[in-house]
There are 2 protein chains.
Amino acid sequence: MTSASDLASLAALLADETRAAMCLALLDGRAWTAGELAAHAGVAPSTATEHLHRLIKGGLLVERRQGRHRYLRLAGGSAAQLIEDLSAHTEPRPTPARGLRAATASAALRRGRTCYDHLAGRLGVAVTDAMTAAGLLDQSGGFAITASGVDWLTGTLGLSPSDLRPGRRPLARGCLDWTERRQHLAGLAGAKVCETFLGNGWIARIGSGRAVRPTSDGKAALRDLLGIRDID
Amino acid sequence: MTSASDLASLAALLADETRAAMCLALLDGRAWTAGELAAHAGVAPSTATEHLHRLIKGGLLVERRQGRHRYLRLAGGSAAQLIEDLSAHTEPRPTPARGLRAATASAALRRGRTCYDHLAGRLGVAVTDAMTAAGLLDQSGGFAITASGVDWLTGTLGLSPSDLRPGRRPLARGCLDWTERRQHLAGLAGAKVCETFLGNGWIARIGSGRAVRPTSDGKAALRDLLGIRDID
DNA sequence: GCGTCGTTTCGGCCAGTACCGAACCATCGC
DNA sequence: GCGATGGTTCGGTACTGGCCGAAACGACGC
């Protein structure tokens with residue numbers, strides 16, 4: 001019985017359009033200032049303050065104060081996953097027919113995007129599949145980076161071994177992709193791969209949102225390093 | 001921008017304690033009458049009517065009118081999954097340490113339960129693992145029933161081949177189990193397995209909720225058919 | 001037919017909350 | 001020091017929406 005109230009109060013956090021807009025904006029994994037979120041959601045700063053308090057109190061967001069700014073970000077991967085899950089359910093249920101899906105989620109988002117801090121969409125799934133095919137990733141029971149996967153991450157991608165030390169966060173985990181209905185690589189390794197791709201200029205954000213596209217350098221790298229050819 | 005309002009209106013469906021209680025009750029996969037749901041949630045029948053209208057309009061529930069009764073059930077597996085996902089996030093984040101989890105979800109629910117229409121909890125995971133080990137289920141890329149799995153379902157379990165004809169619904173799919181953090185068998189096959197177990201008296205519901213336990217017949221069957229010994 | 005019972009509609013009450021503007025506070029740049 | 005700017009607090013307003021009881025509706029059993 002008490003769990004009904006827990007469920008309700010969690011859902012209530014996202015049940016307001018202003019708060020929902022803020023959370024969706026934060027899905028890009030970056031930290032936003034309170035003012036930016038207020039402007040994005042189209043409300044007065046004072047109103048935004050109240051909403052942000054609620055979201056923090058509810059455990060969905062964390063804050064970091066710095067000078068006169070207050071930076072907000074999602075509390076963690078599970079908060080991001082929750083919002084992704086929920087927003088995925090707003091897509092029309094019935095037919096995942098190829099042609100129809102173009103109308104539901106933007107084509108760019110389906111092609112590639114960041115999901116909190118790792119890659120998702122067709123691009124994310126392609127990278128995950130290629131890593132699995134190359135023996136870098138083992139999906140036979142859960143998600144696990146193989147020994148050669150670690151070599152690849154530190155050698156080919158140039159990560160330092162300390163980047164891959166799992167703390168509270170698992171090195172690799174699967175994240176269900178709702179546009180592709182497939183799992184893709186998340187966890188520490190997923191974040192580092194995404195970070196490296198962005199840092200190397202292999203992928204670039206489209207506008208200010210979550211959608212990303214491979215650059216021409218990136219296409220070459222994807223082909224050479226992972227054998228991914230047919231990415232658009 | 002408009003997707004923020006979609007997200008908000010979906011979340012709003014579960015943002016009320018009364019509606020949340022109704023949805024949690026319906027997670028047992030059965031159809032409840034409007035009156036039963038009203039009593040369960042502790043509100044007047046008239047109040048329940050309004051809530052049920054909203055839930056139906058929102059696509060979470062479907063109704064079937066029969067005589068002077070109105071039967072309500074969850075709209076489908078994805079609706080059930082949504083509610084399970086969300087309620088899983090109300091569990092304390094930090095440590096999935098063995099000892100502590102006893103306090104969070106009821107022990108009986110963790111041991112075994114129905115998740116919409118298939119088995120979940122340690123029991124569901126055990127069955128899934130045993131089927132995989134026996135070569136009946138292939139988890140190497142998604143969830144798939146093998147040829148010998150089909151034989152086992154029709155032969156050993158006594159299902160008719162027509163029971164296993166996938167329509168809109170996939171024969172097998174994975175469903176993420178939040179108490180066990182593991183996938184278990186869902187989809188058409190998962191539902192039929194659960195139905196058969198219940199029908200054969202191998203498992204019994206504990207009280208009126210979702211928790212189930214294996215009967216002594218069931219323990220024998222699990223041991224003989226799947227080699228599962230250490231189920232409590 | 002007629003009462004009974006499950007459900008729905010309607011009217012009205014009340015609490016919670018989303019919103020804003022104005023005043024206030026703190027930090028930055030100068 | 002001083003203004004400018006980001007953020008918060010506070011008061012007040014308006015609206016949504018959850019709740020009930022009474023009355024109406026419709027199917028059932030007799």
Side-chain angles (χ1 to χ4, degrees), chain A residues 1-26 30-73, chain B residues 1-2 4-26 30-73 208:
Chain A
M1 217 55 64
T2 170
S3 93
S5 72
D6 291 345
L7 173 55
S9 52
L10 175 62
L13 291 178
L14 295 170
D16 175 80
E17 185 167 347
T18 299
R19 284 194 296 271
M22 291 173 167
C23 289
L24 287 176
L26 288 166
R30 290 179 286 192
W32 293 49
T33 68
E36 285 168 345
L37 287 171
H40 175 81
V43 294
S46 56
T47 304
T49 294
E50 298 174 21
H51 286 303
L52 294 173
H53 274 155
R54 282 190 67 169
L55 289 169
I56 290 172
K57 199 169 185 180
L60 242 44
L61 265 48
V62 290
E63 65 179 345
R64 195 179 116 217
R65 309 185 99 101
Q66 193 170 309
R68 58 181 166 183
H69 290 276
R70 181 196 192 191
Y71 288 98
L72 287 298
R73 56 190 321 149
Chain B
M1 219 52 66
T2 170
S5 72
D6 292 344
L7 172 56
S9 51
L10 175 62
L13 290 178
L14 296 171
D16 174 80
E17 185 167 347
T18 300
R19 285 194 296 272
M22 290 172 167
C23 288
L24 287 175
L26 288 166
R30 290 178 287 191
W32 293 49
T33 68
E36 285 168 345
L37 287 170
H40 175 80
V43 294
S46 56
T47 304
T49 295
E50 298 174 22
H51 286 302
L52 295 172
H53 273 153
R54 281 191 66 169
L55 289 169
I56 289 171
K57 200 167 184 182
L60 243 44
L61 265 50
V62 290
E63 65 179 344
R64 195 178 115 217
R65 309 185 97 100
Q66 193 170 305
R68 57 183 164 182
H69 290 276
R70 180 198 191 190
Y71 288 99
L72 287 299
R73 58 190 320 152
S208 61

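All heavy atoms count here, side chains included; hydrogens, waters and symmetry mates do not. Since the model is a prediction, treat every value here as computed from it, not as a measurement. By convention in this document, chain letters (A, B, ...) are assigned in the order of the sequence lines, proteins followed by strands, and residues within each chain are numbered from 1.
I56(A) CD1 to L72(A) CG: the interatomic distance, rounded to the nearest 0.5 Å, is 5.5 Å. Separation of atoms CG (D16(B)) and CG (L7(A)) is listed at 10.5 Å; rounding is to 0.5 Å. Here CG of L10(B) is found 9.5 Å from CG of L14(A). Values are rounded to the nearest 0.5 Å.
Atom CD of E63(B) and atom C1' of dT8(C) are 12 Å apart (whole Å). The separation between R70(A) atom CZ and dT27(C) atom C1' is 16 Å, rounded to whole Å. Summarising the geometry, the separation between CD on E36(B) and C1' on dC5(C) is reported as 14 Å, rounded to the nearest angstrom. Spacing between atom CG of L13(A) and atom P of dG16(C) amounts to 17 Å, rounded to whole angstrom units. For the pair L52(B) CG and dT8(C) C1', the interatomic distance rounds to 11 Å; values are reported in whole Å. Distance, Y71(A) OH to dT27(C) P: 15 Å, rounded to whole Å. Atom CD of E17(A) and atom P of dT17(C) are 18 Å apart (whole Å). Atom NE2 in H53(A) sits roughly 16 Å away from atom P in dC19(C) (whole-Å rounding).
Helix bend of the helix from dG1(C)-dC30(D) to dC30(C)-dG1(D): the angle between its two end axes, each built from five pairs, comes to 30° after rounding to 10°.
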Would you tabulate the nitrogen or oxygen pairs shorter than 3.5 Å linking the protein to nucleotides 21-26 of chain C?
{"residue": "dG21(C)", "atom": "O6", "partner": "S46(A)", "partner atom": "OG", "Å": "3.0"}

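Scanning for salt bridge (Lys or Arg N to Asp or Glu O under 4.0 Å) contacts around R73(A) gives an empty result, with sequence neighbours left out. Not counting sequence neighbours, the partners of A44(B) by the side-chain contact (heavy atoms from CB on, under 4.5 Å) test are S46(B), T47(B). Partners of R65(B) by salt bridge (Lys or Arg N to Asp or Glu O under 4.0 Å), not counting sequence neighbours, listed by chain and number: E63(B).
When every heavy atom of W32(A) is checked against every heavy atom of E36(A), the shortest pair comes out as CA-OE1, 3.4 Å.
Between the side chain of S3(A) and the backbone N or O of D6(A), no donor-acceptor pair lies under 3.5 Å.
Mapping H51(B) and R65(A) onto DNA chain D by nearest heavy atom places R65(A) at the nucleotide closer to the 5' end.
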Name each donor-acceptor pair under 3.5 Å that joins a side chain in residues 18-25 of chain A to protein atoms two or more places apart or in another chain, with its distance.
{"residue": "R19(A)", "atom": "NE", "partner": "L13(A)", "partner atom": "O", "Å": "2.8"}
{"residue": "R19(A)", "atom": "NH1", "partner": "H51(A)", "partner atom": "ND1", "Å": "3.1"}
{"residue": "R19(A)", "atom": "NH2", "partner": "A12(A)", "partner atom": "O", "Å": "2.9"}

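At least one side-chain heavy atom of L37(B) sits less than 4.5 Å from a side-chain heavy atom of L26(B).
With a cutoff of under 4.0 Å to any heavy atom of chain A, the contacted region of DNA chain D is bounded 5' to 3' by dA4(D) to dT9(D).
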